[in-house]
Amino acid sequence: MSQRATEYVYKGRKLNLALLRTQLPDGRIIIREVVEHKNIVSVLPVIDENKIVFIKQFRPALGEWSLEAPSTTLEPGERPEHSAVRVIEELIGLKPGRVVKVLEFYPLPDYSKGKVFLFVATDFKRIKLEELTRTKGNIIILNFKEAIDAINNRGIKDAKTIIAITYYYVFKHVVA
């Protein structure tokens with residue numbers, strides 16, 4: 001059994017940076033930098049089986065705009081399913097009729113313990129897409145072909161969003 005000891009180098013509002021001292025199965029002791037980030041819930045809102053709602057956000061770490069599936073930090077004690085509904089309501093102002101968890105993954109397991117819970121939201125009440133994009137200036141709606149094209153021409157670079165689009169495109173029957 002490996003022994004683990006953690007020394008914090010930095011503790012912040014969104015993440016902590018720790019030095020993790022671990023004994024490997026072969027007995028060697030190693031020290032690794034580990035980013036402790038809260039878990040993320042990301043939701044792919046699919047309207048009328050062919051249109052996806054994205055959020056356009058400026059990401060200071062990148063110095064550029066990013067087109068992403070609506071996402072949020074999972075609050076302590078909050079169930080991922082509740083967080084998925086919350087983020088859709090808060091960011092795009094819609095209430096989904098159905099929210100299905102499709103994946104759970106570690107985006108950077110080599111140095112981060114943060115997990116992503118990925119959902120697909122469907123069965124929205126009839127909405128006027130033009131009104132949605134007019135009232136919420138940061139909302140972009142693409143059909144699936146446009147979304148795939150945006151991945152291919154690097155208009156969408158966010159990994160969790162690429163995974164969500166690809167998953168739904170390939171396994172649509174699973175969440176339909």
Side-chain angles (χ1 to χ4, degrees), residues 12-17 33-96 98-124 132-133 136-176:
R13 188 175 61 85
K14 287 200 156 212
L15 60 87
N16 299 328
L17 177 60
E33 295 98 353
V34 176
V35 175
E36 293 179 346
H37 189 286
K38 293 179 180 176
N39 292 331
I40 302 291
V41 171
S42 189
V43 185
L44 189 71
V46 180
I47 297 174
D48 297 333
E49 295 187 25
N50 186 39
K51 296 194 176 14
I52 308 170
V53 181
F54 298 98
I55 305 293
K56 185 176 178 182
Q57 302 189 85
F58 185 77
R59 295 298 189 189
L62 303 175
E64 61 186 58
W65 289 90
S66 180
L67 197 57
E68 304 174 11
S71 302
T72 190
T73 302
L74 185 62
E75 297 298 330
E78 185 178 30
R79 292 184 46 207
E81 296 78 11
H82 292 138
S83 182
V85 172
R86 175 177 57 82
V87 72
I88 293 296
E89 290 176 345
E90 288 176 1
L91 293 182
I92 63 175
L94 297 176
K95 185 166 179 82
R98 187 166 186 239
V99 177
V100 177
K101 183 170 126 182
V102 294
L103 290 175
E104 188 176 309
F105 60 93
Y106 296 101
L108 300 165
D110 52 335
Y111 63 84
S112 176
K113 299 193 300 186
K115 188 184 291 187
V116 175
F117 296 92
L118 187 59
F119 291 81
V120 172
T122 58
D123 298 339
F124 293 93
L132 181 61
T133 56
K136 300 254 186 193
N138 62 336
I139 291 192
I140 306 292
I141 299 172
L142 301 176
N143 66 39
F144 270 100
K145 181 182 180 333
E146 293 168 330
I148 296 296
D149 289 347
I151 292 170
N152 288 330
N153 65 31
R154 300 177 193 222
I156 296 177
K157 301 177 197 172
D158 175 62
K160 63 189 179 312
T161 301
I162 293 169
I163 292 168
I165 294 166
T166 306
Y167 183 92
Y168 190 79
Y169 186 77
V170 173
F171 297 107
K172 181 178 174 183
H173 62 280
V174 174
V175 288

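We count residues from 1, following the sequence as given. Being a predicted model, the structure only gives us computed values, none of them experimental.
- In terms of heavy-atom proximity, P70 sits nearest to V87 at C-CG2, 4.1 Å.
- The salt bridge (charged side-chain N to carboxylate O under 4.0 Å, His left out) search around E78 returns R86, not counting sequence neighbours.
- Distance CD1/I163 to OG/S42: 9.5 Å, rounded to 0.5 Å.
- When all heavy atoms of P45 and F124 are compared, the pair lying nearest together is CB-CZ, 3.9 Å.
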Show me, pair by pair, the donor-acceptor contacts under 3.5 angstrom made by side chains of residues 103-110, not counting sequence neighbours?
from : atom 1 : to   : atom 2 : distance (Å)
E104 : OE1    : K101 : NZ     : 2.6
E104 : OE2    : K115 : NZ     : 3.1

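- Not counting sequence neighbours, the partners of R59 by the side-chain contact (heavy atoms from CB on, under 4.5 Å) test are Q57, L62, S66, E68.
- In terms of the side-chain contact (heavy atoms from CB on, under 4.5 Å) criterion, residue partners of A84 (sequence neighbours excluded) are, by chain and number, V41, V43, V99, F119.
- In this view, D149 and K145 satisfy the salt bridge (charged side-chain N to carboxylate O under 4.0 Å, His left out) rule, not counting sequence neighbours.
- Under the 4.5 Å side-chain criterion, counting only non-hydrogen atoms from C-beta, Y168 is not in contact with V102.
- H82 NE2 to L74 CG: the interatomic distance, rounded to the nearest 0.5 Å, is 11.5 Å.
- In terms of modelled atom types and a separation under 3.5 Å, the side chain of S71 and the main chain of A69 share a donor-acceptor contact.
- For N16, the side chain to side chain donor-acceptor pair (under 3.5 Å) criterion is met by E36, not counting sequence neighbours.
- Applying the ring pair (Phe, Tyr, Trp, His ring centres under 6.0 Å) test to residues at least two apart or on different chains, the pairs with a partner in residues 35-58 are F58-W65.
- Listed by chain and residue number, L142, N143 satisfy the side-chain contact (heavy atoms from CB on, under 4.5 Å) test with E146 (two or more places apart in sequence, or in another chain).
- Partners of K38 by side-chain contact (heavy atoms from CB on, under 4.5 Å), not counting sequence neighbours, listed by chain and number: T73.
- Atom CG in L67 sits 10.5 Å away from atom CG in N138 (nearest 0.5 Å).
- Here the OG1 atom belonging to T72 is positioned 10.5 Å from the CD1 atom belonging to I88, to the nearest 0.5 angstrom.
- Side-chain contact between I148 and I165 is present, with heavy atoms from C-beta onward closer than 4.5 Å.
- Summarising the geometry, atom CG belonging to L94 is positioned 5.5 Å from atom CD1 belonging to I47; distances are rounded to the nearest 0.5 Å.
- Rounding to the nearest 0.5 Å places CD1 of I156 at 7.0 Å from OG1 of T161.
- Residues I52 and I141 are not in side-chain contact: their nearest non-hydrogen atoms beyond the backbone lie 4.5 Å or more apart.
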